[in-house]
Amino acid sequence: MYQANITLNELQDLKSDFELLKTEELSIHFGGLKAVDGVSFDLIHREILGIIGPNGAGKTTLFNLFSGVYAPLSGRIFFEGKAIHGLKPNLINERGIARTFQNIRLFSDLSVLDNIRIVMQHRADYGLRHLLFNTEKYRMQEDEILRKSREFLKIFGLEIKHDITAKNLSYGEQKRLEIARALATEPKLLLLDEPAAGMNTAEKEGQIELIKWIMLNFDISIILIDHDMPFVMNLCPRIIVLDYGKIISMGPPGKIKKDPEVIKAYLGEESHA
Amino acid sequence: MDGVIILEILQQLANGLALGSAYALIALGYTMVYGIIQLINFAHGEFFMIGAYAGVLAIKAGLPLYAAFPAAITAGALISAGVEKIAYKPLRKKNSGRLAALITAIGISIFLQNVIFLIPGADLIGLGTKNPMGIEKYVFGSVEISGTKVYIFLISIILMIIFIYIVHFTKSGKAMRAVSADRDTAMLMGIDPDRIISFTFALGGALAGAAGLLFALDQNQVSNFMGLMPGLKAFIAAVIGGIGSIPRAMAGGLILGLMETLAVVLGFSQFKDAFAFIFLIIILILKPAGIFAMARKEKV
């Protein structure tokens, strides 16, 4: 596994000025339930942003809005300055947003390698003609895809399992493969939905290093959702706290920890610790 | 006397394999479309019929067999992808549900059969002596096997190999497997499901078109209702194997072809269609997920 060896403060300094994602008064309702209610924030290139909040606070719904699963009822989303709200998920992915899921959604009957290769091949520009006649172009691109796919698997420690059916991987391995598959779409923004769920303390520390390393090495921004407060606070220089679909607090971990609103909404029962 | 029986069995085996491999070609279209949008496409038999017409007309126009097949394949692919675009896609966009799509498929089937019927002189076209496959026979010792059956079997197998190659090695084929596994996730990974669904219909229609021409060459004629029975039989084949799976649909086709021929050998040739449907009923009672289905482990 890869180590980033970088502190939170250093991460904070790494951010560029380039505004990657911007949301304005984003809202979506399901029946009478305001799942996301007037959310506005922006995200800088090379930033790791954490989103926390109690169950049902609208965290995953926010991800579904960013990735195009839902179109917002009102409000706007800009990615690299262009409006993306209401676009279909595949088009949003082409613009450069990729995600993972809270409950893992791999192509479970395909091999580990194919899970990665499919999303890369989809971007290759050879046609049926090249394939049938086994042209130079086809072979070169296929070799390149295979090389890159193996590279991804190596980063995530899955290289030796490349021909195993994805559903037969362990839970942790499936979570890593899902991140690898998202990265294979060459995103500029990676959305991680509970990347540390189901992990023990040591694994969580490894996950923190891996996520930092991904941000630095792929030169991308990351937004992540998690329930585990220490995990988010050790990883994200900036955190957004959601409750009932609204942003109730935003800032560095130090500020979030002391914010009485947050303690009331989220840390309530843990505030003695 | 024994020799005659063996000869009869071998001849029927060849018949069964030829019929079965043609069923398998059609069944692949059913199973793929079901795998990707969970629709039993009852208009599939009509894609088979349209392909047969295109191929037969090409032959009647004086084109050689190797040009008639691409004509049948292209016609099958175009009609299949066209029907998807005009009839099924608008329903999908409105989330109309599976029943609406199923009834539409039946409607399209009846519509296409009758459109051909309304064209004067089109309801039955014979090939006569223009049939390029002729009445060749292969003689192996004391066994005679009709040439057409051998061709049907060989061409079907070649087409299935090409098909498997496309599904496993082209990017559209792989994207098809991804969409079939999980359409929403495939979309979030940048794959456009609409394009892949069109591709799936075109591929299924192409195979049906080729199978249509093979049937037409065997029967030496085409008719507007010719797609009905093979279409239903291929549907049975797909269900027998386990609908949604490609290798199982092929196996289901071969099994059904052999079963039907067995019925003929046993002297029930007038009941061979009934045989297929009774077989379907038995399978649905005993193994509703197909003969090859294994007990699914439920994860808790």
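Naming: A, B, ... by sequence-line order, numbering from 1 per chain.
- Within a 6.0 Å radius of NZ in B/Lys93, more than 12 heavy atoms belonging to other residues, nucleotides or ligands are found.
- Neither the backbone nor the side chain of A/Asn115 comes within contact range of chain B; no heavy atoms are under 4.5 Å apart.
- In this structure a side-chain-to-backbone donor-acceptor pair under 3.5 Å is present from A/Asn93 to B/Gly190.
- The heavy-atom pair separating B/Met189 from A/Thr185 by the smallest distance is O-CG2, 3.7 Å.
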Please assess B/Thr185 against A/Arg181 for the test side chain to side chain contact (heavy atoms under 4.5 Å, CB included), listing each intermediate value before the final yes or no. CA-CA 11 Å; B/Thr185 306; A/Arg181 184 183 61 178; 3.2 Å; yes
Could you walk me through whether B/Leu188 and A/Arg105 satisfy the side chain to side chain contact (heavy atoms under 4.5 Å, CB included) test, starting with their C-alpha distance in whole Å, then the side-chain angles of each, then the deciding distance to 0.1 Å, before giving a yes or no? CA-CA 11 Å; B/Leu188 287 161; A/Arg105 289 178 74 169; 5.8 Å; no
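- The most heavy-atom pairs under 4.5 Å with chain A, out of B/Ser172, B/Ala175, B/Ser180, B/Ala186, come from B/Ala186.
- With a 4.5 angstrom heavy-atom cutoff, A/Arg117 touches chain B only via side-chain atoms.
- When the candidates A/Ile92, A/Val119, A/Ile118 are compared by the number of heavy-atom contacts under 4.5 Å with chain B, A/Ile118 comes out ahead.
- Under a 4.0 Å N-O distance rule, the pair B/Asp192/A/Lys88 qualifies as a salt bridge.
- Judged by distance alone, the side chain of B/Asp182 and the main-chain N or O of A/Phe107 form no donor-acceptor pair under 3.5 Å.
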Where do A/Asp109 and B/Arg177 land on the side chain to side chain contact (heavy atoms under 4.5 Å, CB included) test, with the steps shown first? CA-CA 9 Å; A/Asp109 288 323; B/Arg177 285 157 68 209; over 6 Å; no
